[in-house]
Amino acid sequence: MVLVFLLLVSISFIGISQGQLQVGFYSNTCPDTESIVSGVVRNAAQSNTNIPPVLLRLHFHDCFVEGCDGSILIENGPNAERHAFSHQGVGGFEVIDQAKAQLEATCPGVVSCADIVALAARDAIALANGPSYEVPTGRRDGRVSDVSLADNMPDVSNSIQQLKAKFLQKGLSEKDLVVLSAAHTIGTTACFFMTKRLYNFSPGGGTDPAINANFLPQLQSVCPQNGDVNVRLPIDQGSEQTFDKQILDNIRNGFAVLESDARLYDDETTRSVVDSYFGSLDPIFVSSFEADFVESIVKMGQLGVKTESEGEIRRVCTAFN
């Protein structure tokens, strides 16, 4: 945990020196910002245990399109970004709206929706027994939301080369790809995303050979061919409600659920990152997954941010001012 703190201190100072984001941005203008957001997230999670992975996914999808600017929150018709095919299943909007309403009642016109998304993701991770960390804030909300802008999102059926390229375009490394993909340690997926991998894997059709032979019958029983594609299953078998590195061990052993997670073990560079979290009897020589995840998610949270005159502070998160 000390290492996690030190990483965040250094990252925070980088943000300050660039005149961008900083930890405690609202300490004078709306000092209760973080406690208000965490309270809303905690209450939502008490009534719906799926809220932590949903909010974490919302943060990722927001940042990968137009940067971390709340563009995914806009609801202004069928061409709004949130209706993109690549965003199907993304949720948590009502939690962000609740937090925004409380913040507007306390500090009107001060806290951006983009910052609420980033803070809510951090609080969600903590609720799943993941690492606690400081979130640099000061984002402004974007003024663009277009369904076509989400066309290049990472996809479960992408090859490892495509995944690496999409992350590189955002300034994220192969290590970032691995540890951010490991956010799948919490949450579920639908059989819709499993059909190709189980029954029509290309080239040649059939089943993805990367699936462990002992695991395949279990997946096929949950997601039978021509069955209900809306049935959901845990992405991290054996540890689906706890934020930990179990999913990376599953990937190593052929127990990955999502095709994109399995592909992380196809490439020498990403495979070495996965393996770096295991294997040594001396913990000094094993990488800290929690510290690396914190570094990567804070880095992701600074993608394409709008500050000062580049954006606005929306009155409601679903509409431009």
Side-chain angles (χ1 to χ4, degrees), residues 7-38 40-41 55 58-76 80-82 92-93 95-123 133-150 152 169-172 176 294-321:
L7 281 170
L8 264 294
V9 169
S10 65
I11 290 170
S12 301
F13 278 117
I14 289 172
I16 293 170
S17 67
Q18 293 177 338
Q20 296 289 313
L21 309 181
Q22 63 185 81
V23 171
F25 182 84
Y26 299 109
S27 58
N28 294 322
T29 55
C30 192
D32 293 331
T33 294
E34 298 198 18
S35 62
I36 288 172
V37 174
S38 64
V40 171
V41 171
L55 291 175
L58 178 64
H59 184 35
F60 178 86
H61 279 251
D62 182 38
C63 289
F64 255 75
V65 182
E66 289 295 289
C68 310
D69 67 350
S71 58
I72 196 172
L73 305 175
I74 293 294
E75 178 56 288
N76 60 356
E81 180 198 319
R82 71 157 70 184
F93 301 107
V95 180
I96 306 303
D97 290 342
Q98 290 168 17
K100 178 63 171 174
Q102 290 192 25
L103 287 165
E104 284 297 299
T106 305
C107 317
V110 174
V111 182
S112 70
C113 300
D115 275 341
I116 296 171
V117 172
L119 291 168
R122 183 272 307 274
D123 296 332
Y133 60 94
E134 299 283 4
V135 176
T137 45
R139 300 166 185 80
R140 305 279 282 191
D141 296 320
R143 300 187 179 101
V144 175
S145 179
D146 189 319
V147 67
S148 66
L149 296 174
N152 202 37
Q169 283 181 337
K170 302 295 182 182
L172 298 173
D176 296 321
V294 166
E295 184 175 13
S296 290
I297 197 168
V298 171
K299 181 179 177 181
M300 183 194 79
Q302 301 190 53
L303 294 178
V305 296
K306 282 77 175 173
T307 57
E308 301 176 352
S309 62
E310 296 170 340
E312 62 184 18
I313 303 297
R314 293 182 203 143
R315 290 184 288 273
V316 293
C317 292
T318 56
F320 302 122
N321 289 344

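All figures in this text were calculated on a predicted structure; none of them were measured in a lab.
Looking only at distances, a side-chain donor or acceptor of Glu312 sits under 3.5 Å from a matching main-chain atom of Asn321. The main-chain N or O of Ala80 is never found under 3.5 Å from a side-chain atom of Ser145 such that the two would form a donor-acceptor pair. Under a 3.5 Å cut-off, the side chain of Asp97 and the backbone N or O of Val316 do not form any donor-acceptor pair. Side chain of Ser38 to main chain of Ser35: a donor-acceptor pair is present (N/O by atom type, distance under 3.5 Å, no hydrogens or angles). Under a 3.5 Å cut-off, the side chain of Glu104 and the backbone N or O of Gly109 do form a donor-acceptor pair. The backbone N or O of Cys68 sits nowhere less than 3.5 Å from a side-chain atom of Asp62 that would complete a donor-acceptor pair. Judged purely by atom type and a 3.5 angstrom limit, Ser112 uses its side chain to pair as donor or acceptor with the backbone of Arg139. Looking at Asp141, its side chain does come within 3.5 Å of a backbone N or O of Cys113 through a donor-acceptor pair. Between the side chain of Gln102 and the main chain of Ala99, no donor-acceptor pair closer than 3.5 Å is present.
The two residues Leu149 and Val65 make their nearest non-hydrogen contact at O-CG1, 3.5 Å. When all heavy atoms are compared, the tightest approach of Ala121 to Leu55 is CB-O, 4.0 Å. Shown here for Leu21 and Gly301, the closest heavy-atom pair between the two residues is CD1-O, 4.1 Å. Across all their heavy atoms, Arg143 and Gly311 have their closest contact at NH2-O, 2.9 Å. Ser71 and Val144 get closest at one heavy-atom pair: CB-O, 3.3 Å. Across every non-hydrogen atom of Arg82 and Leu73, the tightest pair is NH2-O, 2.6 Å.
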Derivation and outcome, salt bridge (Lys or Arg N to Asp or Glu O under 4.0 Å), residues Lys299 and Glu295: CA-CA 6 Å; Lys299 181 179 177 181; Glu295 184 175 13; over 6 Å; no

Candidate pair Arg122 and His59, rule side chain to side chain contact (heavy atoms under 4.5 Å, CB included), full reasoning: CA-CA 9 Å; Arg122 183 272 307 274; His59 184 35; over 6 Å; no

Full working for side chain to side chain contact (heavy atoms under 4.5 Å, CB included) between Arg314 and Ile74: CA-CA 10 Å; Arg314 293 182 203 143; Ile74 293 294; 3.5 Å; yes

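Screening Asp115, Thr137, Thr33 for a side chain to side chain donor-acceptor pair (under 3.5 Å) involving Tyr26 leaves a single residue, Asp115. Just one residue in the list Asp176, Leu303, Asn152 forms a side-chain contact (heavy atoms from CB on, under 4.5 Å) with Lys170, and that residue is Leu303.
Atom SG of Cys317 sits about 12.5 Å away from atom CD1 of Ile72, to the nearest 0.5 Å. For the atom pair CD1 of Ile96 and CG of Leu58, the computed distance is 5.5 Å after rounding to the nearest 0.5 Å. Separating the CD atom in Glu34 from the CG atom in Leu119 is a distance of 5.0 Å, to the nearest 0.5 Å. The OG1 atom of Thr106 sits 7.0 Å away from atom CG of Asp32, with the distance rounded to the nearest 0.5 Å.
Two residues are said to be in side-chain contact when any heavy atoms from C-beta on lie closer than 4.5 Å; Glu310 and Asp69 fail this criterion. In this structure, the side chains of Pro136 and Val298 come closer than 4.5 Å at one or more pairs of heavy atoms. A heavy-atom distance below 4.5 Å is found between the side chains of Val40 and Val95.
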